[in-house]
Amino acid sequence: MSTTNQHIRLVETYAAHNYHPLEIVLTGGEGAWVTDVDGKRYLDALAGYSALNFGHRHPRLVARAHQQLDQLTLTSRAFHSDQLGPFARDLATLTGKDMILPMNTGAEAVETAVKVARRWGYDVKGIPADQATIVTMAGNFHGRTTTVVSFSTDDIARRSYGPYTPGFRVVPYGDLEALDQAIDQHTAAVLLEPIQGEGGVLIPPAGYLSGVRDLCTRHEVLMIADEVQSGLARTGRTFACDHEDVVPDIYVMGKALGGGILPVSAIAADHYVMDVITPGSHGSTFGGNPLAAAVGHEVVQMLLTDEWNSRARALGDHMTPRLEALREHGVLEVRVRGAWAGLDIDRHLMTGYELCHRMAGHGVLAKDAHDSTIRLAPPLVATTDDIDVMVDAIEKSLRA
Ligand SMILES: *Cc1c(COP(=O)(O)O)cnc(C)c1O
């Protein structure tokens, strides 16, 4: 039995079957490339769903993590560490907001935004107790907690986890009319992804985000942008909202904020929102810990120049015409924003999973979104040659 099969059998025997990974066992990674236990190299065109925007083991981030490991790793928030302040200040600067609230995973940051929005709804807007609603979008992905799956429209993610948390209204994504209808005097917030990542890199119609902003302002409702996957340079701007010069009331961040090293998430908001949070009303043992703050701070400092945004734009400019040319080979739809792409393939040809399986055979790792859609999110350290390797692998896989 090969080592690959031994590893897979261990996982299948002792770890719950909550994923269906490609049958490859990785052991090393550097930049945009990973190596499996048999020494075969692959281009990582998923990049941990954008958690690896800076690639595997970026030297600057690894050095900062090592340094902090030798200094102080955990305090809990019962005590101050010297790492949280600089991280909070610079992340506030990056977002243009007054304050941040640090957590760990993306789902926790979404939960945090939901709690803050509800409190704001009661304490500031004056919504009667327990009547607040939050409007969310069909096809959303905001994480896996019981409250978050309560407003999921994906049956696989939601089934048999009830009773579900009340207080959410789901409207079609991209439909301003439906959103307007769903908002009433009890609405505290609108929660959306500015681009739906798990949904298949769905980019809403031009003008939609600014339309959402206008509706929220007009009805005194908080706009919450979940930028966990779309933010931090993936789309060629710091935030996907920047493409329409839209500023939400709350940014939700995660994934790349941890530099591909550890989970780091946060929300950012101004005082008029964040001041509803008081000691003891929310928290996390690990949120804002010194190691996370040190790595997160290094990430933020890297993002304070345009370097990563311009890399994402350059990769997007290079991949767009090449992906468009795949229409000859059964690709029906191509959506690109920065270094992020969703491809719909002819469902009669193969499923997204089958395509990803074949691509792995050609040395490129990608992930299906659903049915016959795949998403591509190479690390921003990838070169244009790497992008060619990626597109060539798709083409060969579709032709086979
Ligand atoms: C991945 C993701 C989350 C959840 O993040 P976790 O760290 O997996 O909890 C939330 N929102 C969006 C948009 C995501 O892509």
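In listed order, ligands and their atoms are each counted from 1. Computation of the quantities below employed the complete heavy-atom set of this structure, encompassing side-chain atoms and omitting hydrogens, waters and symmetry-equivalent molecules.
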- prompt: Leu176 and Gly211: which non-hydrogen atoms are nearest, and at how many Å?
  reply: CD2-C, 3.6 Å

- request: Show which atoms of ligand 1 fall inside a sub-4.0 Å distance from at least one heavy-atom site of Asp226.
  value: 10 (C), 11 (N), 12 (C), 13 (C)

message: List ligand 1 atoms under 4.0 Å from Gly106, heavy atoms only on the residue side.
response: 4 (C), 5 (O), 6 (P), 7 (O), 9 (O)

- prompt: Under 4.0 angstrom from ligand 1, any heavy atom of Lys255?
  reply: yes

Distance (rounded to the nearest 0.5 Å) between Thr95 OG1 and Asp90 CG: 10.5 Å

message: For Thr217, give me all partners under side chain to side chain contact (heavy atoms under 4.5 Å, CB included), at least two apart in sequence or on another chain.
response: Arg213

message: For ligand 1 and Ala107, I'd like to know whether there is a polar contact (N/O to N/O, distance under 3.5 Å).
response: yes

statement: A student comparing Arg144, His142, Glu111 should find that the heavy atom closest to atom 10 (C) of ligand 1 comes from His142

query: Short list, please: which atoms of ligand 1 are under 4.0 Å from a heavy atom of Thr105?
result: 7 (O), 9 (O)

message: Test of understanding: given a 4.0 Å heavy-atom threshold, classify the contact between Phe141 and ligand 1 as side chain, backbone, both, or neither.
response: both

statement: Taking every heavy atom of Leu91 against every heavy atom of Ala266, the minimum-distance pair comes out as CD2-CB, 3.9 Å

message: Please report whether atom 7 (O) of ligand 1 has a protein non-hydrogen atom at a separation of less than 4.0 Å.
response: yes

field: Distance filter under 4.0 Å to Glu193 heavy atoms, resulting ligand 1 atoms
entry: 13 (C)

- line: NE2 (His142) and OG1 (Thr147) are apart, to the nearest 0.5 Å, by 13.0 Å

- request: Take Lys115 and Glu111 through the salt bridge (Lys or Arg N to Asp or Glu O under 4.0 Å) test and state the conclusion after the steps.
  value: CA-CA 6 Å; Lys115 287 169 89 172; Glu111 289 273 352; over 6 Å; no

message: Assigning hydrophobic clusters by single linkage (Ile, Leu, Val, Met, Phe, Trp, Tyr; side-chain heavy-atom cutoff under 4.5 Å), is Ile250 placed with Val124?
response: yes

task: Report the part of Glu108 (side chain from C-beta onward, or backbone N, CA, C, O) that has a heavy atom under 4.0 Å from ligand 1; answer both or neither where that applies.
output: neither

